[in-house]
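Basis for what follows: all heavy atoms, side chains included, without hydrogens, waters or symmetry-related copies. Chain naming here is simple, since letters A, B, ... match the order of the sequence lines and numbering starts at 1 in each.
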Amino acid sequence: MVIEASAGEATRELLVQPPADVASTKEGVHLALEMPGAVSESISVTVEEDILTVRADRQGLPEEYRVLRRESSPGAYARSFRLSKDLAREGLVADFRLGVLTVAIPRAEHTIPRRIEVRTDN
Amino acid sequence: MELIPTRGWGSGRSLQRQINRLFDGFFTDTGFPTAWGREAWAPALDVAETEEHVTVTAEIPGIDPKELSVTVTGDVLTIEGEKRSEREDEGKSFHLVERTYGSFRRSISLPGTVDPSRVEASGKDGILTVRLAKREETKPKTIDVTVS
């Protein structure tokens, strides 16, 4: 289970929290964040203790452009989530495609039922 | 399993969009009214210009730009498409659904300075960019002043 943590640092930088879908399957949790216009090389997905943080810079308009109308929210993307104990902190896979960042978080090893073989005298 | 996300700037997005539409001067948005359900979700549009071009950009995360319909009729640019969820929902239980889906259509009036026959559209990282060239006669020209 993934629980939302608050946005965290109060900086003067304008930040946008990307909308997220969070779903779980028996393999783990699947997170999808809408980050259109994110600079793909700047996307960072980090896990520190229980917190998963996603950040990315936004593509800006080149200098020579004059804005006539703006509906999109300006600002870099940032959002954090709290990972529950049953989720792994390693082995996460992140993919950025068509402006959507997906993060697959597997279940922690210790939560996966393991069958132990019984040795007998046969 | 209740999730109460704390939302900051991002949550005001659709309200901001509505306010922007109220203050429309130059551009008129001729999208379908909400009552019909077509405008349940529509991409945010930004418009910018240089001396040579006017660009309209739309945020279309999760949509393949090749599946969009971008048309210019007279002085109206229309962008139409559909956002579908990417994966099958087999065995998935959702804890949070903030992304919006569905078909959309947005139209925007173009300023008189553009030449509707010179349009290019391209998509990258969830942004559709429609670039319209300005008509020659509308581009700024410097006039030399002769002093006698």
Side-chain angles (χ1 to χ4, degrees), chain A residues 1-8 10 14-27 29-40 43 56 58-59 61-82 84 95-102, chain B residues 1-13 16-17 20-21 23-27 42-65 83 85-87 89-100 108 111 123-128:
Chain A
M1 257 261 304
V2 170
I3 301 170
E4 179 80 58
S6 66
L14 193 63
L15 294 175
V16 172
Q17 291 199 46
D21 281 356
V22 180
S24 60
T25 62
K26 51 182 176 21
E27 286 80 41
V29 167
H30 186 257
L31 194 61
L33 295 154
E34 285 188 343
M35 309 194 328
V39 176
S40 50
I43 300 176
R58 202 60 108 104
Q59 286 161 29
L61 267 183
E63 290 256 325
E64 62 271 18
Y65 280 85
R66 187 168 79 95
V67 175
L68 296 177
R69 173 185 181 143
R70 174 138 217 170
E71 292 178 357
S72 65
S73 306
Y77 288 112
R79 194 160 179 187
S80 294
F81 298 86
R82 173 163 282 117
S84 50
D95 190 61
F96 183 61
R97 191 171 311 222
L98 297 180
V100 179
L101 177 74
T102 53
Chain B
M1 215 108 75
E2 296 310 310
L3 290 176
I4 324 280
T6 53
R7 302 241 247 126
W9 182 260
S11 64
R13 235 158 51 157
Q16 184 65 51
R17 209 178 302 150
N20 285 346
R21 284 193 196 148
F23 284 88
D24 262 0
F26 207 15
F27 293 94
L45 295 184
D46 291 346
V47 186
E49 68 172 358
T50 61
E51 285 190 358
E52 308 275 320
H53 295 101
V54 171
T55 53
V56 178
T57 48
E59 290 190 331
I60 47 155
I63 300 176
D64 182 347
K83 198 202 296 186
S85 44
E86 291 107 12
R87 290 152 72 104
D89 292 336
E90 2 76 15
K92 264 189 183 176
S93 79
F94 281 87
H95 302 292
L96 188 62
V97 180
E98 292 174 350
R99 297 180 64 192
T100 46
I108 194 166
K124 182 176 184 301
D125 295 336
I127 302 271
L128 170 78

| query | Is any side-chain N of the basic residue among Glu51(B) and Arg66(A) closer than 4.0 Å to the acidic one's carboxylate O? | reply | no
| query | Any Lys/Arg nitrogen of Glu34(A) or Lys83(B) sitting under 4.0 Å from an Asp/Glu carboxylate oxygen of the other? | reply | yes
| message | Given heavy-atom pairs under 4.5 angstrom as the criterion, report whether the side chain, backbone, both or neither of Pro62(A) touches chain B. | response | neither
| Contact origin within Ala38(A) toward chain B - heavy atom pairs under 4.5 Å | backbone
| said: Between Glu49(B) and Tyr65(A), is there a side-chain heavy-atom distance shorter than 4.5 Å? | reply: no
| task | With a 4.5 Å cut-off on heavy-atom pairs, point out which of Gly75(A), Ser40(A), Gly37(A), Ala23(A) contacts chain B the most. | result | Ala23(A)
| said: Does either side chain, that of Ser24(A) or that of His30(A), offer a donor lying less than 3.5 Å from an acceptor on the other one? | reply: no
